[in-house]
Amino acid sequence: MTRGGGLSIRNVGKVYNPDDMDVVALQDFCLDISPGEFCVVVGPSGCGKTTLLNIIAGFDTLTAGEISMDGSVLTAPGKRLSPGADRMVVFQHGALFPWKTVLWNVTCGPVLQGRFSRTTAEAQARQLLSRTGLQGIEEQYPGELSSGMRRRVELVRALMNDPKVLLLDEPFRALDALTRGVMHEHLLELYDLARKTVFFITHDLEEAIFLADRVVVMTTRPGRLKKVIKIDLPRPRDHRVLTTARYGALEEEVLEAVQEEARKAFETGERELA
Amino acid sequence: MSSPSSRRRLLRAATSAALWRGVVGIALFFAIWEAASLVKLPFLRHVPAPHIVLESVIQTVQTASYWSAVYISAKRVAIGYIIGVVLGVPIGLAFGVSRLFKSTFFPVFETLRPIPPLAWVPLSILFWPTMEMTVVSVIFLGSFFTVVINVLGGVETLDIRYVRAAVSMGATPWQVFWRVIVPAASPSIFIGAAIAMGLTWEIVVAAEMVSSVGSGQTGLGATMWQAYVGGVIPLIITAMISIGLAGLIFSAVIWQIGAYATRWRRVV
Amino acid sequence: MLGFAIVLAAWHLVTAILEVPMFKKIPPPAVVLREWFTPDPFFGVSVYTPLYYSHIGYSVYRAYTAFALAVLLGVPLGILIGWNRKFREFTFPLIETLRPIPPLAWVPLAILMLPGTEPPVIFVTFIAAFFATVLNTLLGVQSIDRSYFRAAQCLGFTRRDILVHVVVPGAMPHVFVGLQIAMGLSWVALVAGEMIAGKRGLGYMIYDAYSMVQIPTIIMGMLTLGFLGYFSSAFVRYVGRRLMAWRAF
């Protein structure tokens, strides 16, 4: 279990140029994330949170500022960053390979990187899968599973790669509310096991407050840091925390900060770019 | 529309690496061809070098008989194609909308569809009184089957929710058909129409090659066949290029019409 | 089934009972069926004569050989073009320039270039199947969701890993659609090639019957082609379903 994974995001800017028109997605964004912290970024559609995640993941470049991890610079203008298992991503619509079995999906990272032999990886995978209540499905294809189960398998795949930072791009957006609630508790269980740094983006405020150590509110485009709210709800958390008074107060605080931005985005009709 | 930004875009497109690589690819093809015929490769013994073909093209394009051939083929294509679309769209829609109609006649349709258009030629010659009608009927068959399949696909992949929304707003079946199903299927209809247009040019070659004797009107396919028989090889290639180009141009026109008629789609 | 019956009935009505003048030359279904299934056919070809199967055999051999060649060359090429941007920029314009030339139009050139009678026919058929295969394979590669590539990158896949484990399986559904289309086109081109250049095969049989005004045989040939074409496509579809078991859900 590796430590580290502290991210330092300094004055990051990103300018797109589609159709010859400059679009400023991010401007002067600064944020420090401590190792092992569960950090959730919320903001209206089009505010740039997915762009930020893509830059940290290495799918996109920044045009200003720099991002470092544990002291060394990851990316800066002119310094291309490749995606890697140290910053593993869990995608919004899921990216389990539909043409491979669950077991293959979960073990492919370590095996293809040469870190483990196939047998070792498979043994580990089976253990992890049964730990998360997914035993017995190893030989099935993702198409046979429910969306909730697919999402859990994807989390297992992410964890099998022992990343320093886990990047989650609205991973539960496509699930129904009840399944989502269960997934939240499940994710926190996994988080408590591994305590990786988590960078999670979402629209859903309840999700954000329930999961996070800190909630970061972003402004509408161009995205800047608006407010950081510390979530001091004790861990381990379960769904009962949603009805406590402290939760209510936090929700009010976050809502006030977000609502203003949401209204601005609504009025200008921002569309998501990334 | 010569604004600075569109001019900049044009300049960028003209100097793009992709464009030049494409040009290099094509140029390389011709260079190899030219070199191979200079070296007199046995494979290409009868095939003339590119520069000879180019001469032939320039010469032929100036003759009246060439353009008359183009016109004749184009006329046949147009008539056969239009009839194919006029009959094909309603039948495709009928297959999509009426389960009874589909279960009755679709098996027959699917059995006849794989029969190559050219295989219909002998029967058509015996059946139709004139050669013109034979050629046009074979072209018709080619475009007809393609159009029906594409229209049917368009209706079947239609989101049922549109229909339900209309019905819940009180639409009659007739209104649902004309105002929901037909417009929603129209992208597929136009794609099918464009594909069918490309196909009809291929068929016109076939139809004219086999039935060129005695028709009195020489289209491009017949021109090519006569060139082959007469051993005028550069002319064969000229005809090949012309047919390919004609197919491209006609399909592009249909494509543009379709794009214009379904411009509500350009929402991205 | 009912549809066939209706069409057969209409055919019979028009040719045998009403004897509509325009259809004067078309034989009634009974005549065709009798000729097709009799041990001693008037025109020499029926289900009982080896000649029939010889024609079928030649056509099948040519169609499937050309198809196999098109797959062996077309699929890898399509994947390469879809996957490698530089390669695509070099080769795609050339392919798009050659593609509009109808396969049939290659016949004279094929006869001049290739020796014998088989290669030209197979070549023309190959051309038809080849372009359809390349295009659909290319489309298959390009339709793979970007997320899969990104996930693969995060997981530390090498370029080769991505090709083997993401590109090829991901493109398979489109590839098989392309193969079905290519199979259909192969038969179309084959018949044309046989009519013009071949000495055996169903296309030749039809043309020969035409030149000797043996109309029942023409119809027999046409329907045989229809069935063969249909079953060939169904076979490709079946193979696709087996290879892509993961799609069954």
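Labels below follow one simple rule: chain letters A, B, ... track the order of the sequence lines, proteins then strands, and each chain is numbered from 1.
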> So which part of C/Tyr230 gets closer than 4.5 Å to some heavy atom of chain B, the side chain, the backbone, both or neither?
Replying inline: both
>> Closer than 4.0 angstrom, basic N to acidic O: yes or no for B/Arg76 and B/Glu208?
In response: yes
>> Please tell me whether C/Glu35 and C/Thr217 have a donor and an acceptor in their side chains that are separated by less than 3.5 angstrom.
In response: no
> Quick one: what part of B/Ile26 sits under 4.5 Å from any heavy atom of chain C, side chain, backbone, both or neither?
Replying inline: both
>> Please classify the contact of C/Leu190 with chain B as side chain, backbone, both or neither, using a heavy-atom distance under 4.5 Å.
In response: neither
> Would one find more than 12 heavy atoms of other residues, nucleotides or ligands at under 6.0 Å from atom CZ of C/Phe37?
Replying inline: yes
> Between C/Gly229, C/Pro93, C/Ala209, C/Pro115, which shows the greatest number of heavy-atom pairs under 4.5 Å with chain B?
Replying inline: C/Pro93
> Counting only heavy atoms not in B/Trp255, do more than 12 fall under 6.0 Å of its CH2?
Replying inline: no
>> Can you tell me which of C/Leu225, C/Val191, C/Val213, C/Ile215 forms the most heavy-atom pairs within a distance under 4.5 Å of chain B?
In response: C/Val191
> Looking at B/Leu199, B/Ile236, B/Ile115, which makes the most heavy-atom pairs under 4.5 Å with chain C?
Replying inline: B/Ile115
> What residue, out of B/Ala227, B/Ala27, B/Ala119, has the most heavy-atom pairs lying under 4.5 Å from chain C?
Replying inline: B/Ala119
>> Under 4.5 Å from any heavy atom of chain B, what part of C/Ile95 do you find: side chain, backbone, both or neither?
In response: neither
>> So for C/Leu185, is it side chain, backbone, both, or neither that comes closer than 4.5 Å to the heavy atoms of chain B?
In response: neither
>> Looking at C/Arg200 and C/Glu118, is any side-chain nitrogen of the basic one under 4.0 Å from a carboxylate oxygen of the acidic one?
In response: no
>> Given heavy-atom pairs under 4.5 angstrom as the criterion, report whether the side chain, backbone, both or neither of B/Phe127 touches chain C.
In response: both
> Do you know which of B/Phe106, B/Trp120, B/Trp128, B/Phe109 has the most heavy-atom pairs with chain C at a distance under 4.5 angstrom?
Replying inline: B/Trp120
>> Looking only at the aromatic ring of each residue, does the gap between the centers of B/Phe105 and B/Phe101 stay below 6.0 angstrom?
In response: yes
> Which answer fits C/Thr91, side chain, backbone, both or neither, if we ask what part of it has an atom under 4.5 Å from a heavy atom of chain B?
Replying inline: neither
>> Looking at B/Phe145, I'd like to know if its CZ atom is crowded, meaning that more than 12 non-hydrogen atoms belonging to other residues, nucleotides or ligands lie closer than 6.0 Å.
In response: yes
> Parallel, tilted or perpendicular for B/Trp33 and B/Phe30, by the 30°/60° rule?
Replying inline: parallel
> Which bit of B/Ile203 is near chain C, if near means a heavy-atom gap under 4.5 Å: side chain, backbone, both or neither?
Replying inline: neither
>> Any salt bridge linking B/Arg113 with B/Glu110? Criterion: basic side-chain nitrogen under 4.0 Å from a carboxylate oxygen.
In response: yes
